[in-house]
Amino acid sequence: MLKVEIDGKEVEVPHGSTVMDATNKLGIYVPHFCYHKKLSIAANCRMCLVEVEKAPKPLPACATPVTDGMKVKTASAVAKNAQESVMEFLLINHPLDCPICDQGGECQLQDLAVGYGGSASRFEEEKRVVLHKDIGPLVAAEEMSRCIQCTRCVRFGQEVAGVMELGMIGRGEHAEIVAFVGQSVNSELSGNMIDICPVGALTSKPFRYSARTWELARRKAVSPHDGLGSNLVVQVKQNKVMRVLPLENEAINECWLSDKDRFSYAGLNSDERLTRPMLKKNGLWEETDWQTALEFAIDGLKDFGVLASPHSTLEELHLAGKLGGAADFRLRHSDFSGDGKRAGIPWLGMPITELGKLDRVLVVGSFLRKDHPLIAQRLRQAAKRGTQIHVLHSVDDDWLMKIAGRKIVPPSEILNSISSFSEILKEGKNAAILLGNFAQQHPQAAAIHAAAQAIGVKVGFLGEAANSVGGYVAGLPSGGGFPEVQKRKSLLLLNIDAGLDCAPIEGKQFVVNLSSFKSGVGDVLLPIVPFTETAGTFVSTEGRVQSFHATVRPLGDARPAWKVLRVLGTMLGLPGFEVETAEQVRDACLAGRNVQALLSNKIDFQYKEERNSSSGIQRIADVPIYFADPLVRRSAPLQKTRDAQKPRAWMNGKLFAQLGLVAGARVRIVQGKGEAVLYAALDEKLPDNCVRVAAGHDSTAGLGAMFGALAVEEITAQQAA
């Protein structure tokens, strides 16, 4: 340890620390712009100049290594004069548009100009002008004249997101930040550039000019999307969610947020929001009152099952499971042979922070960057530190990290291929196998789990949704689960887009649909609220229980789903529905139970590797990041991104030649009784005899199951006519 004196206070810091690290440890603030604790040192803004004893001139605190016995003054006349001079230079070309700037009120430059700048500028020359840039539907770069070239956005892309989408061109006053060759910013983490920009150069395009920061109330929440459980700050004005920002939590999402978590709020007030109960009469939907709708629902619910979204709260899932004899939340799963053979609830197998300490990782069946953006970011940082990342999957997407080994096989060969990584993993001191969404949804999911366990290293599950663990805690599946639900005559749906979140509903006599959005599925629609309008609890993929309160009041006549389920249970005469608050439901669900004690990835399942003899064309189905749940599907900004493009039928050149196709040809995909018409596209990294067709989209909903054999035929001009 090195001893250093800062403003007369002595502190010990490790070798390799900078003066900025020492001041942070003491709680002494040094003004800065380019420095960020999660990014590399650039030292190009010079705002953090401090006086160091025996140094001939002020030195940047962010880039000056500490030496033993060093004495530093951060607020001396020398330091203050240097900081004031730097601020004067930074403001030479900065436009005087603070009154209309979206960053006003939370602008680092504005704050430091008051605290460390002069009262007037000596420069009278014309300010430079930098033209605006269109870099996509999420991040606005309309006022790049404000940019002070701190390069935080550039470094974030390179070091955290893993892709350098922005860079700096020019020199001196001609320097400016641009996207490469006019391209847009497409990273699934791009919104973090808005947060780290210290001025108003990069702002939120959906939020732009919609409110001032001091008008907004700030409320804590938890993300309802992937299994990470990212902590949020939901900003509200006049009972409307205006913006979502990250709430820093080093144990979960650090100071970052995925674009799905950040911009999905735009779907909360979609034109498709369901605000009044509706009944289907003579094939047409009619609005009605709650009493009529509830009585109609009760009359039709005979011999019914329940399908609930894993994005629902713990309270909703708990009450949904108590309604019917058969209930499940594993909507996209196709193998239930492991039920009753697991020792506990499948989970990540370790705290999220432990991911960075693994030395060898095998990720099986995961579209990692899109399914789990911030877990991918943690593994990316681990790979930089030397962790070996291995991939077993049916696609070879770019994860923007160093991959030590990969095996890309058809879906039918996933199980057979796990053992080939055995020796590599056993050579590590702290190795793990992580099973992704694709592996969990696989028709041989239980066998894949058992095969991973047989290698003898840690096994973890990457939770598909906010309550993929919480669903089990809530008591689901029950009464035989999904297979039994399919046999029931009537059905209750909770927070589901039928056909997109699960296979199309067929052969049911009566369907009650609890939804936040209008849907053509069902006989009665009961309007429930999204996560921002209800209290609830999510149990993350690491088993962390996180409760939250409503941030705004319910829209229209919509009601929290737990209240609707409580009334339905009471009307059905069932016990256990005598509750008044969401907290009472949560406490009843968790009473006498330690969630951590329930978690276990051990499975007692016998399997054997068998060479698949299938000679047909196999489907590879991903769920694109912005098709994953009802809320993101209705977020207009997210639906304008590259990741939300209409699905195509991807296949390699060998299959193209075999079928006599060319890229861009219209093809009919037939799977079972369903079909879809798509454009063919070339991906040479796909395995032979495989077609990648996304799920979760209207254009492919008719195909049904996410795995199985496909038939592909070209649609000729005559057929199209």
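Salt-bridge formation is detected for the pair R332/D501: a Lys NZ or Arg NE/NH1/NH2 atom is positioned less than 4.0 Å from an Asp or Glu carboxylate oxygen. The existence of a salt bridge linking R369 and D397 is excluded, since no basic side-chain nitrogen approaches an acidic carboxylate oxygen closer than 4.0 Å. Using a 4.0 Å cut-off between charged side-chain N and carboxylate O, R586 and E315 make no salt bridge. Taking the charged nitrogens against the carboxylate oxygens, R634 and D497 do have a contact shorter than 4.0 Å, which makes a salt bridge. No salt bridge links E188 with K260; every basic N to acidic carboxylate O contact stays at or beyond 4.0 Å. Between E533 and K563 no salt bridge is recorded (no basic side-chain N to carboxylate O distance below 4.0 Å). A salt bridge does not link K280 with D523: every distance from a Lys NZ or Arg NE/NH1/NH2 to an Asp or Glu carboxylate oxygen is 4.0 Å or more. Using a 4.0 Å cut-off between charged nitrogen and carboxylate oxygen, D299 and K302 do not count as a salt-bridge pair. Using a 4.0 Å cut-off between a side-chain N of Lys or Arg and a carboxylate O of Asp or Glu, K489 and D303 do not qualify as a salt bridge.
A distance of 7.5 Å separates CD in E542 from CG in L228, rounded to the nearest 0.5 Å. Separation of atoms OG (S699) and OH (Y679) is listed at 11.5 Å; rounding is to 0.5 Å. Once rounded to the nearest 0.5 Å, the distance linking CD of E295 with CG of D289 reads 8.5 Å. Atom CG of L568 sits about 7.0 Å away from atom CG of L301, to the nearest 0.5 Å. Atom CG of N513 is separated from atom CE of M278 by 11.5 Å, given to the nearest 0.5 angstrom. Separation of atoms CH2 (W256) and CG (L189) is listed at 9.0 Å; rounding is to 0.5 Å.
In this structure, the side chains of R330 and P477 come closer than 4.5 Å at one or more pairs of heavy atoms. At a threshold of 4.5 Å between non-hydrogen side-chain atoms, the residues F531 and T313 do not count as touching. In this structure, T700 and L678 have side chains that are in contact, with non-hydrogen atoms separated by less than 4.5 Å. Within the 4.5 Å cutoff, the side chain of E287 has no heavy atoms near those of the P277 side chain. Taking 4.5 Å as the limit, some side-chain heavy atom of L686 sits within range of a side-chain heavy atom of W650. Side-chain contact between I669 and E675 is absent, with no heavy-atom pair separated by less than 4.5 Å. Using a 4.5 Å cut-off on side-chain heavy atoms (C-beta onward), P310 and L331 make contact. Using a 4.5 Å heavy-atom cutoff, the side chains of V691 and I620 are not in contact.
In this structure, Y626 contributes its side chain and R633 its backbone to no donor-acceptor pair below 3.5 Å. At least one donor-acceptor pair under 3.5 Å links the side chain of K508 to the backbone N or O of Q486. The backbone N or O of T292 sits nowhere less than 3.5 Å from a side-chain atom of T288 that would complete a donor-acceptor pair. Formation of a donor-acceptor pair under 3.5 Å by the Q639 side chain with backbone atoms of V632 is found in this model. Checking side-chain atoms of S366 against main-chain N and O of V363 turns up no donor-acceptor pair under 3.5 Å. Counting only distance, with no hydrogens or angles, the side chain of D335 and the backbone of A446 share a donor-acceptor pair below 3.5 Å. At distances below 3.5 Å, not a single donor-acceptor pair connects side-chain atoms of T551 with backbone N or O atoms of R219.
Taking the ring centroids of F548 and F538, they lie under the 6.0 Å cut-off. Close placement of the H393 and F367 rings is indicated, their centers lying within 6.0 Å of each other. Close placement of the F510 and F296 rings is indicated, their centers lying within 6.0 Å of each other.
Ring planes of F482 and F336: parallel class, angle under 30° (limits at 30 and 60°). Taking the six-membered ring for Trp and thresholds of 30 and 60 degrees, H449 and F461 have ring planes more than 60 degrees apart, a perpendicular arrangement.
For K640, the NZ atom counts as loosely surrounded, since its 6.0 Å shell holds 12 or fewer non-hydrogen atoms of other residues, nucleotides or ligands. Applying the 6.0 Å contact sphere to CZ of R553 captures no more than 12 heavy atoms from other residues, nucleotides or ligands.
Residue I252 is tested with L374, L247, N231 for a side-chain contact (heavy atoms from CB on, under 4.5 Å); the sole match is N231.
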- Decide salt bridge (charged side-chain N to carboxylate O under 4.0 Å, His left out) for E272 and K518; before the verdict, give the C-alpha distance in whole Å, the side-chain angles of both, and the deciding distance to 0.1 Å. CA-CA 5 Å; E272 296 183 43; K518 296 173 184 176; over 6 Å; no
- Task: Quick one: do D643 and T641 satisfy side chain to side chain donor-acceptor pair (under 3.5 Å)? Show the steps, please.
- Result: CA-CA 5 Å; D643 282 320; T641 62; 5.4 Å; no
- Task: Please step through side chain to side chain donor-acceptor pair (under 3.5 Å) for the pair S309 and H311, ending with a clear verdict.
- Result: CA-CA 5 Å; S309 168; H311 300 280; 4.6 Å; no
- Task: List the steps and the verdict of side chain to side chain donor-acceptor pair (under 3.5 Å) for T275 and D557.
- Result: CA-CA 5 Å; T275 57; D557 288 340; over 6 Å; no
- D622 and K370: CA distance, side-chain angles, deciding distance, salt bridge (charged side-chain N to carboxylate O under 4.0 Å, His left out) verdict: CA-CA 10 Å; D622 60 320; K370 307 303 180 181; over 6 Å; no
- Query: When you look at Q546 and T537, which way does the side chain to side chain donor-acceptor pair (under 3.5 Å) test go after all the steps?
  - Reply: CA-CA 6 Å; Q546 299 187 101; T537 303; over 6 Å; no
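With F207 as the aromatic partner, R243 meets the cation-pi criteria of under 6.0 angstrom to the ring centre and within 45 degrees of the ring axis.
Counted by atom type alone, S223 and D261 present one or more donor-acceptor pairs between their side chains at under 3.5 Å.
Closest heavy-atom contact between Q671 and R619: OE1-NH1, 3.1 Å. Nearest heavy-atom pair, A327 versus L476, reported as atom, atom and distance to 0.1 Å: CB-CD2, 3.6 Å.
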